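Quick notes on the structure that follows.
All residue numbers refer to positions in the sequence shown, counting from 1. Computed from a predicted structure; not experimentally measured.
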Amino acid sequence: MGLVHGLHFNNLRGDIYGGMVAAVVALPLALAFGVASGLGAIAGLYGAIFVGFFAALFGGTPAQVSGPTGPMTVVMAGIVTIFAGNPGLALMAVILGGVFQILLGLSRVGQYIALVPYPVVSGFMSGIGCIILILQLGPLVGHASSPEGVVTTLKSIPGFYGNPVWDAALAGVLVLVIMYLTPGRIAKVAPPSLLALLVVTPLAYNFLPDAPTIGEVPRGFPTPLMPTFTWDTLQIVLESAAILAVLGAIDSLLTSLVCDNMTRAQHDPDRELIGQGIGNMVAGVFGGLPGAGATMRSVANIRTGGRTPISGVLHSIILLAVLLGLGPLAEKIPLAVLGGILFKVGIDIIDWRFLRHILQAPRIDVVIMTVVLLTTVLVDLITAVAVGMVFASLFFVKRMADLELANLHIVTNPTPSTPLLPEEATILEQANGKILLIHVDGPMSFGSAKTMVRRLETVPGFNTFSSVVLDLSKVPAIDGTAALAVEDMLNIVKAHHQHLFFVGMQPHVTEALDGLGVLVQIRPGHRFASRLEALQKASLVEKAHSKEPPRPSAPNTNLPATPSE
């Protein structure tokens, strides 16, 4: 039982019904994705069978149903174009992509996929939806989309619609009408995509003979292929495999989160990546399309009772039975029918929830989403995600730096709003502005480090203070840049012949400062457990300092560190 995550036999009826419904939903989509990828309709069906079976058996999300998806198909179409004339290289990329996913799972990086910010996910999902829509504009009127990609297809649209194949256009319109106007009570029994396939295909066969069809479909169980590559193509094959692996990981684990929300369960992200990797390896060997966790199929499975891997496995077995028994009938399916189905898929993939609130959403999130969407459509998906992550990280660092600076308090004369104990406030008042207290409440990072130092340098009359008390008792974490900024503060104080007292460093902060050699520069007796103790010591130093003749300040306030005194 431990080999298959979440397997039990207490929900057989729900799993059987869920698997059947998932197969019904998957059939037209698999055929459509296969055609859109450039590998042929049968490749989509192979991918649904093998990825669905092995991802269910070895994955980490019990109720998830896997197979070809819109994002994976878009990327695979680009890979097929790159390796035009040599499909073995494209299949090698699928196999290696599965290997990479297994390595990601074994490395336990699945938990980090959930850290991708929502605007980035929204942008690339909407971008993929737009790509699917654009690429189906040709097939809907009887013309093949340009293999050169989205931009070329956009340029070809006037030609497509200036010279349509009217039989194909009518078939496409009928599919869209069924997809959008099927009553909800009927859609619960028969998915609109399957209904459109079963209704429009025979109509087109009998009354719309000019509509282009899928054409010859291989029959019987697929035979293993021999993927090949040469050293000259190794780099681009590896790059393509990495793209498939990363995209499949993101696509699958986002769907896993949806399944968790619906079933109130908890998926195992690393095990899920291993299962997806095994499925994609096998799919590549048999000439199938790569896949991932499929949201539409998974939701259909869960809503009809599926809860264990039995439903995912059964979904694949049913598709295999369809392949073996009804394969020749697929040859008669018009490409416009599949184009109409994918057109609806593209619209559904677009993140309308975010777009509906785009005017009220935070400007930064809108910028990130827009940049990722445009980069996805005009460049490629992985570049889009990388650019989005960089933008999101920079904006996040800026927000965190602003929060950290807001938690930096520089106190010379206490006020009623200053969070000090009465004894601490009294010491500062009696010091007559000769003691400077710096209190940091929260983490210190590279985003705010340099600004903290500049703020210290610009304190009015800084050279008149006899002592500076740096209170780090509320700092839970500090990075290397911030630790070096503390060293800069220490050097500034030394340059002015002042005393710097450290207060209450937590273990992580102490470790960071010690690791960068900052602690060895602190004078003996200048570290205290509490702020009150440090202020009391600073008060004694100030009184002693007031009896001595003043010493001139050093002209350079950013001298290198000096040995501890």
Side-chain angles (χ1 to χ4, degrees), residues 1-27 29-30 47-69 71-72 98 101-102 104-114 191 245 247-283 288 290-321:
M1 293 295 183
L3 180 64
V4 181
H5 182 67
L7 177 63
H8 61 78
F9 298 96
N10 301 327
N11 189 53
L12 273 179
R13 179 180 296 178
D15 288 329
I16 291 173
Y17 192 44
M20 293 172 59
V21 171
V24 168
V25 173
L27 177 61
L29 294 177
I49 292 169
F50 292 113
V51 178
F53 184 87
F54 289 99
L57 206 58
F58 299 109
T61 313
Q64 182 159 277
V65 178
S66 301
T69 65
M72 296 294 280
Q101 285 185 317
I102 293 173
L104 289 175
L106 295 175
S107 301
R108 307 190 66 80
V109 299
Q111 57 187 315
Y112 298 107
I113 300 297
L247 176 60
I250 295 174
D251 201 4
S252 296
L253 295 184
L254 289 177
T255 303
S256 295
L257 294 176
V258 173
C259 294
D260 285 352
N261 290 333
M262 295 184 68
T263 62
R264 299 294 183 268
Q266 182 65 44
H267 73 282
D268 183 336
D270 299 311
R271 190 163 183 167
E272 181 63 34
L273 292 183
I274 293 173
Q276 294 291 336
I278 295 173
N280 280 311
M281 285 180 61
V282 177
T295 304
M296 191 180 303
R297 275 152 276 182
S298 299
V299 169
N301 174 47
I302 294 170
R303 284 180 175 172
T304 49
R307 290 295 184 275
T308 79
I310 294 173
S311 56
V313 169
L314 179 61
H315 135 276
S316 296
I317 293 175
I318 293 173
L319 290 178
L320 177 60

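For the atom pair CD1 of Ile16 and NE2 of His315, the computed distance is 16.0 Å after rounding to the nearest 0.5 Å. In this structure, the separation between SG on Cys259 and CG on Leu254 is 11.0 Å, given to the nearest 0.5 Å. With values rounded to the nearest 0.5 angstrom, Leu106 atom CG is found 12.0 Å from Gln101 atom CD.
In this structure a side-chain-to-backbone donor-acceptor pair under 3.5 Å is present from Asp270 to Gly110. Here the side chain of Asn301 pairs no donor or acceptor atom with the backbone of Val65 at under 3.5 angstrom. At least one donor-acceptor pair closer than 3.5 Å links the side chain of Arg307 to the backbone N or O of Ile302. Judged purely by atom type and a 3.5 angstrom limit, Asp251 has no side-chain atom pairing as donor or acceptor with the backbone of Thr69. Side-chain atoms of Asn11 never come within 3.5 Å of backbone atoms of Thr308 as a donor-acceptor pair (strictly under, hydrogens ignored). Judged by distance alone, with hydrogens and angles left aside, the side-chain atoms of Asp15 form no donor-acceptor pair with the main-chain N or O of Gly306 at under 3.5 Å.
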Practice prompt. Could you give me the CA-CA distance, side-chain angles and deciding distance for Gln276 and Ser66, then say whether side-chain contact (heavy atoms from CB on, under 4.5 Å) is met?
Written response: CA-CA 8 Å; Gln276 294 291 336; Ser66 301; 2.8 Å; yes
Worksheet entry | side-chain contact (heavy atoms from CB on, under 4.5 Å) between Leu29 and Arg297, intermediate numbers included | CA-CA 10 Å; Leu29 294 177; Arg297 275 152 276 182; 4.3 Å; yes
Practice prompt. Let me see the working for Met262 and Arg303 under side-chain contact (heavy atoms from CB on, under 4.5 Å), right down to the final yes or no.
Written response: CA-CA 9 Å; Met262 295 184 68; Arg303 284 180 175 172; 3.8 Å; yes
Item to complete: Applying side-chain hydrogen bond (donor to acceptor under 3.5 Å, both in side chains), run through Thr255 and Ser298 and close with a yes or a no.
Response: CA-CA 8 Å; Thr255 303; Ser298 299; 5.9 Å; no
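At a cut-off of 3.5 Å, with distance as the only test, no side-chain donor of Asp268 or His5 sits close to an acceptor on the other residue.
Across every non-hydrogen atom of Pro290 and Asn280, the tightest pair is CA-OD1, 3.2 Å. Across all their heavy atoms, Gly293 and Ser252 have their closest contact at N-OG, 3.0 Å. Leu319 approaches Ala48 most closely through the heavy-atom pair CD1-CB, 3.6 Å. When every heavy atom of Gln111 is checked against every heavy atom of Arg108, the shortest pair comes out as NE2-O, 3.3 Å. For the pair Ala63 and Thr263, the tightest heavy-atom approach, listed with the atom from each and the gap, is CB-CG2, 4.2 Å. The two residues Gly6 and Pro309 have their closest heavy-atom pair at O-CD, 3.7 Å.
No more than 12 heavy atoms of other residues, nucleotides or ligands shown are found within 6.0 angstrom of CE on Met20.
A heavy-atom distance below 4.5 Å is found between the side chains of Leu273 and Leu253.
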Let me have the donor-acceptor pairs involving side chains of residues 49-61, under 3.5 Å, with sequence neighbours excluded, atom names and distances please.
{"from": "Thr61", "atom 1": "OG1", "to": "Ser256", "atom 2": "OG", "distance (Å)": "2.8"}
{"from": "Thr61", "atom 1": "OG1", "to": "Glu272", "atom 2": "OE1", "distance (Å)": "3.0"}

